[in-house]
There are 2 protein chains.
Amino acid sequence: MGAPRPIEKLTLSVQVAERLRGDILAGTHGPGEQLHEVELALSLGISRGPLREAMQRLVQEGLLKSIPHRGVFVVDLSEDDMLDVFFVRASLEEAAIRRLVGGDDGGGGDRAATARRLTVISERMDRAMRGGDHARGGDLDLEYHRTLVDAAGSLRLSRTYATVQAETRLCLHRLMGGYRSRDDLAVEHFRLAELIGSAPVEVILPELHRHFGDPAAILRRLRQDAPDAAPDAEQRQDR
Amino acid sequence: MGAPRPIEKLTLSVQVAERLRGDILAGTHGPGEQLHEVELALSLGISRGPLREAMQRLVQEGLLKSIPHRGVFVVDLSEDDMLDVFFVRASLEEAAIRRLVGGDDGGGGDRAATARRLTVISERMDRAMRGGDHARGGDLDLEYHRTLVDAAGSLRLSRTYATVQAETRLCLHRLMGGYRSRDDLAVEHFRLAELIGSAPVEVILPELHRHFGDPAAILRRLRQDAPDAAPDAEQRQDR
DNA sequence: GATTGTAAGATTGTCAACAATCAGTCTCAC
DNA sequence: GTGAGACTGATTGTTGACAATCTTACAATC
């Protein structure tokens, strides 16, 4: 029977930020849409002060854009933005893997445990996909990658990754209305988990990058497919 | 005569955040110190609202820590925190170099121009150090590394690096009262700039890590030296 | 003496009102 | 017809007051 955990107290502004983050990521507020303080405060039943504080948080997370005296808007990520998000995401995951696999044992250095966790998530993801629950599968996919980064045991790396992952979800909203997958995506998750458990970094990283695909090529293909929103089977879709 | 640059309008909260950031980084407010809203707002001649917004910004940057209903405090970085900061800093610089050198040409891919800029900064840093202006030298050292990361042309990487660099400065405050250097630090800066210009990534990265030194070893030595604040000549001190 | 309950003071969190800014529209002079 | 200036309404930015929370000190009880 360990020590009781302190109750985590949240200010209203933190709670509102969480709510807004969820709404934005769910697409309730679309790209470029302005969040009107007065209207939003009214509908949330709070005053504008905490709402402003909440929105400021999301501005710093990259989900909202604030223009002084004009208002706060949901970001509208350009293709360059998306490429940047994908680049930083890959860099952070790569750094995590180097740390985890590099033998630094900086706190999350247990490769076998990480591999097991990733495998369990892969199984649940596979099951969700087979059952047609693509939204659930998408969430598990994000959890897979977050687990990988968290395994490096770096608070700041994980924190940064969290904000980039939020932006990644915005990218994916932009890329398409929902999550579609190919069968070998699941195979790749299992494979990557296995490699994390025991392979050298020189083997893991190429596999990670293959898993991500080439962001520029993805965007190019989507541009060509623009009239028809249904992606063809060749496309990589992952987060 | 190009187009006139739009005047950048800053809200009071942004300006206050900048002022506070500077004060914290200058050591005006020490580790663990509480920033009292009423008192600080009075001395800055503003109301608490914008001050709260400003402090929230710095909380998200990692310079302040907010405890609900207790107050906002300057962070007191533990040794583990410092190790984490150094790890993430190195990872970001490494990602920047891989991008810059990897031939992606993602926007900042001009190696020669970057090398020239870094060399110019190295010369100014060397001159400042020889002239005894260690604070100026320290600033230029930070600018050197920021220039390196900015050369990767990734907005999010640069933004993340900026926050980590602010924390790095707090670490250095913690490590000692001021900046001391060894002569071969300047040599390393020149060398690294040269490598950035033309060497393969496998040559540059080990040099970068040698330049940083081993953070854990630095902290260990400082622990041993604790009664005497004067570091010995063997120590690496850089940012 | 140890523990619990209560009150006071200090500080933070939120609210509503006023101030400031901007974009769009209208009017007037040339 | 055009451009400049004034006006208006919408919205954000800031302020000062009140509400809420926490810590400390003191009193009461066992």
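We name chains A, B, ... by the order of the sequence lines, and we start the count at 1 in each one. None of these values were measured; they are calculated from a predicted model.
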Peer 1: Under 4.0 Å from OP1 or OP2 of D:dT12: is there any side-chain N or O of A:Gln34 that close?
Peer 2: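 Yes, because at least one side-chain N or O of A:Gln34 sits under 4.0 Å from OP1 or OP2 of D:dT12.
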
Peer 1: Between A:Arg169 and A:Asp139, does at least one N-O distance fall below 4.0 Å, as a salt bridge requires?
Peer 2: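 Salt bridge present between A:Arg169 and A:Asp139.
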
Peer 1: Nearest-nucleotide wise, let me know which of A:Pro68 and A:Gly45 is further upstream toward the 5' end of DNA chain C.
Peer 2: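 This one resolves to A:Gly45.
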
Peer 1: Give the rounded distance in Å between these two atoms: CZ of B:Phe73 and P of D:dC22.
Peer 2: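 My rounded result for the distance is 13 Å.
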
Peer 1: Write down the distance between CG (B:Leu51) and P (C:dT11), rounded to a whole number of angstrom.
Peer 2: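 One finds 14 Å between P of C:dT11 and CG of B:Leu51, rounded.
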
Peer 1: Could you tell me how far apart B:Leu10 (CG) and C:dA20 (P) are, to the nearest whole angstrom?
Peer 2: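 Computing the B:Leu10:CG to C:dA20:P distance gives 18 Å.
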
Peer 1: In whole angstroms, how far is the P atom of D:dT12 from the CG atom of B:Leu12?
Peer 2: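 Distance check: B:Leu12 CG to D:dT12 P gives 18 Å.
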
Peer 1: To the nearest Å, how far apart are B:Ile67 CD1 and C:dA10 P?
Peer 2: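 Value for this atom pair: 21 Å.
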
Peer 1: From CD of A:Glu37 over to C1' of D:dT11, roughly how many Å is that when rounded to an integer?
Peer 2: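 Checked: the CD to C1' distance equals 8 Å.
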
Peer 1: Closest nucleotide of DNA chain D for B:Glu53 versus for B:Arg48: which of these residues is on the 5' side?
Peer 2: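 This one resolves to B:Glu53.
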
Peer 1: Considering every strand and a 4.0 Å limit on heavy-atom distances, what is the contact class for A:Gly49: base, sugar-phosphate, or nothing?
Peer 2: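 A:Gly49: no heavy atom of the nucleic acid under 4.0 Å.
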
Peer 1: Going by atom types alone, do A:Glu94 and A:His209 pair a side-chain donor with an acceptor below 3.5 Å?
Peer 2: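 Distance-only check passes for A:Glu94 and A:His209.
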
Peer 1: Would one find a side-chain N or O of A:Arg52 under 4.0 angstrom from OP1 or OP2 of D:dG13?
Peer 2: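 The answer is yes; a side-chain N or O of A:Arg52 sits under 4.0 Å from OP1 or OP2.
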
Peer 1: Choosing from D:dT12, C:dG13, D:dT15, which nucleotide comes nearest the side chain of B:Ile46?
Peer 2: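 My answer, after comparing the listed nucleotides, is D:dT15.
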
Peer 1: So, do B:His36 and B:Phe73 have ring centers that fall under 6.0 Å from each other?
Peer 2: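 Not close enough - the centres of the two rings lie 6.0 Å or further apart.
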
Peer 1: Tell me what A:Val72 touches on the nucleic acid: a base, only sugar-phosphate, or nothing, going by heavy atoms under 4.0 Å.
Peer 2: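 Nothing, no heavy atom under 4.0 Å.
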
Peer 1: Is A:Ser47 near enough to C:dC15 that one of its side-chain N or O atoms lies under 4.0 angstrom from OP1 or OP2?
Peer 2: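 A:Ser47 to C:dC15 OP1/OP2: side-chain N or O found under 4.0 Å.
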
Peer 1: Can you tell me the distance, in whole Å, between the CE atom of A:Met55 and the P atom of D:dT12?
Peer 2: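 Interatomic distance, CE of A:Met55 to P of D:dT12: 7 Å.
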
Peer 1: Heavy atoms from C-beta onward define the side chain here; which of D:dT12, C:dT14, C:dC22 lies closest to that of A:Thr11?
Peer 2: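 Comparing D:dT12, C:dT14, C:dC22 against the side chain of A:Thr11, the answer is C:dT14.
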
Peer 1: Return the CG to CG distance between B:Leu20 and B:Leu51, rounded to the nearest 0.5 Å.
Peer 2: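 Answer for the CG-CG pair, B:Leu20 versus B:Leu51, is 6.5 Å.
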
Peer 1: Quickly work out the B:His69 NE2 to C:dG9 C1' distance and round it to whole Å.
Peer 2: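 Going from B:His69 (NE2) to C:dG9 (C1'), I get 17 Å.
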
Peer 1: Considering every strand and a 4.0 Å limit on heavy-atom distances, what is the contact class for A:Pro50: base, sugar-phosphate, or nothing?
Peer 2: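 Result for A:Pro50 = sugar-phosphate.
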
Peer 1: Regarding B:Gln165 and B:Arg89, do their side chains bring together a donor and an acceptor under 3.5 Å, going by distance alone?
Peer 2: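 The criterion, which ignores hydrogens and geometry beyond distance, is not satisfied for B:Arg89 and B:Gln165.
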
